[in-house]
Structures are given as structure tokens and as C-alpha cells.
Amino acid sequence: MRSIWNGAISFGLVSIPVKLVNATESHSISFRQIHAEDNGRIRYRKVCELDDREVSTAEIGKGYEDADGTVIPITDEDLAHLPIPTTRTIEIVAFVPADRIDPLQMGTAYYLAVGSAPAAKPYTLLREALKRGNRVAVAKYALRGRERLGMLRVVGDALTLHGLLWPDEVRAPEGVAPDEKVTVRDKELDLADALMETLGDVDLDDLHDEYRAALEEVIAAKVAGEALPEAPEPETGGKVLDLMAALENSVRAARESRGGGKASARAPEKRTAGRKAPAKKTTEKGPGEEKAGETGAAEEKAAEKKAAEKKVTAKKAAERKPPERKTSARKTAQRSAQKTAAQEERKSGRKPPAKKAAPRKTPA
């Protein structure tokens, strides 16, 4: 990697010669401007307006335009005499916890490589001190004609310099948040939590630029003279009328996409103070069988229903029995008297008088 700046890290009386190299690179596809009629390249030429001729890069310098239009040339030697210590030095001004740095301030990242063999010892010392203290270093440095704010932190075994915006370069978020007073219900938050848990974590190494891949596919098709790939139909957006339904559908879709099946996306019900709802018991059976689940209240209701059915059955059975014959009290007394008389006669040896047969009527 080619260095873009040479200087030194300075903290206290310690100086570490370093080289600055870019830590990031762009993989985006760039386009050339062309003449639409004949595909000719459109080029920008640097022309001196006084000589009316094109000049090379070596002939181009820097200049400051004054308010009256006067141009004051500024050379690299002039910049080397700036009355600040950061022209060739990354001056550490403080060591702070990493969470003190607002991510909005972070910009371009650079790796800091040692500038010489003797720099390895203080370089390693600074790296290990940052790691053990779990801190980052806030520093000032000059690059490309201006003084900048930076943050030094450890990445692997290397020191990294992140360019930071000055605090007054970060805008306050005034007028960005909605002015309307919005109430978010607990169930909506529960569904949002469920959606975040379902989506879960991601390995950043698995993410890639799909736009660039699609653009390369289009370019390859154009070169080969083949038909361009079909663009997918845009998703029909629209106004979200029911936030709960949208959250439930999002949770369900996320679970299905991650192999979770068609799981229920209902938010957990809110518990009532002082009373705990009975837990629903679910018994899973083998494949092809239904799932049965009854609460304690349902079992009690079924038992009451069964007892009521038994009572109705017993009542119907009683109604089907033939009515018992009622014997009058007079007949019962006569039978008792006859029985007593017969017993006394058997004891005395007398035979009971024979019953007289009724005389037959002779037909005339």
C-alpha cells in the first residue's frame, strides 16, 4: 500500500515516525461521459485563461483569491512554515473512552504504519496501552491543506486513524423528528422486539454490493449482445394503515425466511395485575395427528357438562318405569285380619269354615 503522508505520532515526549495509508477502497463502477451521438469521450482540459493553452499537472500550483479578485500564490514551502505543530505531526491531545466519540463525526479511515525500525517499540507501546485501557486517542493533524481532528484506535495489531469532523461541523437534528405526539403501545413494542430477535445478528462479511453485481451483469450482457436481464417488479408499497398487522406480517415473513415455519406472530398478552392467566397446555402428537390443548377452565366446564348430562339421563330413565300400584288402606287391613285368623285356627286345630259357593242359576 502506498503511503499518502509521512510524519510522526506525538504524545508527551514520545515521538513515533509513521506513514499514512488508506484503510479503505472503493469498488464502485465508474462511468465515463460520452457524446451520445457517436460515443466519443468527453474530456475536461485544464486551460490557462491568460495564455489560452492547455497546461500539465506539473505546471499547476495553489493560489488564494482575495476579496478584490487578486490571486495570491501559495507554495508547499509556504505551507511548511505554518505556525502550528501539526503540519507533520499527529498530536495526541487526550485519551478517552470509545463511546465518547459520536459516530456522526467519523469519516475516512487510515492505517498507521511504522516509518522506521526504531519506531516499532513506541508503536507497540502505544497500541498495548490503548488496548489495556480500552480507550482511544483524540488527535490533531494537518492533511491536504487543513488541520483536522482524528481518533486513533487499535484494529488487530495495527493503529488506525479515523478522520473526525469538528463538533461544529455536525448539524443538530432540529426539525427532523416528527412534531406530532405519538403514543406507542406495549404490544407494538413487543412485536418490534420480536421482529428484531427474529432477524437476529448478521455476519458483516456475508454482505455485498448487490447493485454493483447487477450492474456488472448488465454490462456483460451488453458486451455479449445478449438480452438484458429482467428487472424484478417493484414491491407495491403504500400507506401503512394498520401498524400491528404490518408488524405481525413482518415477523411471520422473517421467521419463514429463516426456516422457522409458519409461526404465530401474535404479541405476548399483557398480564393482569393480581391475577395470573392459566397457562395453556399443549400436547404434541405424532405426524398426522391433531394437537390438543385444553386449559384448566375448559376441563372444569367439560366435567360440569358431563354431570348435567348424567342427571338428565337418570331423570328420563325414571320416567320410563311403570307406575307402582297403590293399595288402599282398607284392603290391607282385611288381608292382615284374615292372616291372623288363619294362624289362630291352625293353633287350635279347627278348620276354617269352607267358603259357600254361590248358587247356580238354573236357566228357565
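Here the structure is a predicted model, which is why all the values come from computation and not from measurement.
- Taking every heavy atom of both residues into account, Asp209 and Arg212 meet most closely at OD1-N, 3.2 Å.
- Asn22 places no side-chain N or O within donor-acceptor distance of the main-chain N or O of Thr24, the cut-off being under 3.5 Å.
- Separating the OG1 atom in Thr89 from the CD1 atom in Ile16 is a distance of 11.5 Å, to the nearest 0.5 Å.
- No more than 12 heavy atoms of other residues, nucleotides or ligands lie within 6.0 Å of CZ in Arg2, so this atom counts as exposed by the packing criterion.
- Atom NE2 of His27 sits about 12.5 Å away from atom OG of Ser30, to the nearest 0.5 Å.
- When hydrophobic clusters are built by joining Ile, Leu, Val, Met, Phe, Trp and Tyr residues whose side-chain heavy atoms come closer than 4.5 Å, directly or via intermediates, Leu164 is not grouped with Ile92.
- When every heavy atom of Ala139 is checked against every heavy atom of Ile90, the shortest pair comes out as CB-CG2, 3.7 Å.
- Both Val96 and Met151 belong to a single network of hydrophobic side chains, linked directly or stepwise wherever heavy atoms of I, L, V, M, F, W or Y lie under 4.5 Å apart.
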Would Val71 and Asp66 count as a side-chain contact (heavy atoms from CB on, under 4.5 Å) here? Give the steps.
CA-CA 6 Å; Val71 177; Asp66 205 354; over 6 Å; no
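- Under a hydrophobic clustering in which Ile, Leu, Val, Met, Phe, Trp and Tyr are joined whenever their side-chain heavy atoms come within less than 4.5 Å, directly or via other members, Val136 and Val18 fall into different clusters.
- Considering all non-hydrogen atoms of both residues, Arg88 and Trp5 come closest at C-CZ2, 3.7 Å.
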For residues 105-121, which side-chain donor-acceptor pairs fall under 3.5 Å, sequence neighbours excluded?
residue : atom : partner : partner atom : Å
Gln105  : NE2  : Leu165  : O            : 2.9

If you look only at distance, which donor and acceptor atoms sit under 3.5 Å apart when one is on a side chain in residues 44-57 and the other is two or more places apart or in another chain?
residue : atom : partner : partner atom : Å
Tyr44   : OH   : Gln33   : OE1          : 3.1
Arg53   : NH2  : Glu59   : OE1          : 3.2
Ser56   : OG   : Glu59   : OE2          : 3.1

Go through the steps to decide whether Glu216 and Lys222 satisfy the test salt bridge (Lys or Arg N to Asp or Glu O under 4.0 Å), and finish with yes or no.
CA-CA 10 Å; Glu216 290 174 347; Lys222 294 272 288 184; over 6 Å; no
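- Between Arg127 and Ala158 the shortest heavy-atom distance is CD-N, 4.4 Å.
- Both Phe11 and Leu152 are members of a single hydrophobic cluster when ILVMFWY side chains are connected at heavy-atom separations under 4.5 Å.
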Please assess Met196 against Thr198 for the test side-chain contact (heavy atoms from CB on, under 4.5 Å), listing each intermediate value before the final yes or no.
CA-CA 5 Å; Met196 288 189 292; Thr198 304; over 6 Å; no
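- The minimum heavy-atom distance linking Val218 with Pro229 is given by the pair CG2-CG, 4.1 Å.
- Expressed to the nearest 0.5 Å, how far CG of Leu130 lies from CZ of Arg135 amounts to 10.0 Å.
- To the nearest 0.5 Å, the span separating NZ on Lys187 from CD on Glu248 amounts to 9.5 Å.
- Here the closest non-hydrogen pair linking Ser15 and Pro17 is O-CD, 3.7 Å.
- Asn6 places a side-chain heavy atom less than 4.5 Å from the side chain of Ser3.
- Trp166 CH2 to Lys140 NZ: the interatomic distance, rounded to the nearest 0.5 Å, is 5.0 Å.
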Criterion side-chain contact (heavy atoms from CB on, under 4.5 Å) on Ile9 and Val14, from CA distance to verdict:
CA-CA 8 Å; Ile9 300 174; Val14 179; over 6 Å; no
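- Residue Val93 is grouped with residue Ile101 when hydrophobic side chains (ILVMFWY) are merged at heavy-atom distances under 4.5 angstrom, including chains of intermediate members.
- A salt bridge links Lys62 to Asp76: one of the charged nitrogens lies within less than 4.0 Å of a carboxylate oxygen.
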